[in-house]
Amino acid sequence: MPELPEVETIKRGLQKNIVGKTISDFDCNWNKMLNKPLANYRKILKGLKIKKVRRRAKMIELNLSKGWNVLIHLKMTGQLVFGSKTRCVVGGHPIKEGYECLPNKFTHANFTFTDNSHLYFNDVRKFGWVRLYNDLQLAKAMTDFKLGPEPLSKDFSLNYLITRIKKRPNVKIKQFLMDSQNVTGIGNIYSDEVDFFAHVRPMRAVKTLSEKEISLIYKGIEKILTASVKAQGTTFSNYRNANGEVGAYSKQLKVYGKWGEKCSCGGKIVRVKIGGRSSSYCPKCQK
Ligand SMILES: [Zn+2]
């Protein structure tokens, strides 16, 4: 699943391409990804302008004219493709079939703009969704998600982290970091990398962390996410960034996905299962 840096990269790609465009039509062949009947989408969206593209946690939000909004979650295999006659911008999980012939069999939603360009939502496994909310409904939906602070915002302070850890003392570090109610946007990749940065093993309970270790986790989150956003994210499985290129942060990964390989210290990176997710760490560097 794309995490903060990957979704942020997609958002930036879309921002350059769809802001200012007016929707002329919308179509969808998988009603479960919608939160209203398709007919309502078509009626409401027609004629609305894209005012802004934002990222909220791992979601993409399109702010439209007349107080409407579209909230998109790519989940495991979702992909957003902007296509016009002259360019094609991809974000999320590319589908091997290529982009020459869009829409394809994985295209489940399609925004058509008045200049005949399109924003396609493709999803192999169909876990993703495209929801339509007015401003009030959106505010309520965001409250219902109970999201913690954005890790690169001022709301995410060292004090907040310390207080939050005290509230959930028995949760394992990796699970704590991946829970969006504690902090948003961190998944499998960046939790492993943050734990390596802080020299802590992912399966320890957060209550065992010393003040120094908590402070290193805090620093690691900021440092690693910032570096990855700059590198346009990490390539995992067949993820590509918004320009259809591979994210360059892959080259900077220290432990994620590297179990069985050598750590920079010479030790061997191992894998452990935590809450059904596998996590990689170096037993020599991480205590
Ligand atoms: Zn090591």
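All values derive from a computational prediction rather than experimental measurement. Order of appearance sets the numbers: ligands from 1, and atoms from 1 within every ligand.
Looking at every heavy atom in both residues, M33 comes nearest to A109 through SD-CB, 4.4 Å. Nearest approach of L132 to K36, heavy atoms of both residues: O-NZ, 2.9 Å.
Protein nitrogen, oxygen and sulfur atoms, that is N, O or S, within less than 2.8 Å of the Zn ion (ligand 1) amount to 4.
Ring centers of Y218 and F156: under 6.0 Å apart, within the cut-off.
For F113, the ring-ring contact (aromatic ring centres under 6.0 Å, His included) test picks out no residue, with sequence neighbours left out.
A salt bridge does not link E193 with K223: every distance from a Lys NZ or Arg NE/NH1/NH2 to an Asp or Glu carboxylate oxygen is 4.0 Å or more. With respect to K174 and D192, a salt bridge is recorded, a charged nitrogen being found less than 4.0 Å from a carboxylate O.
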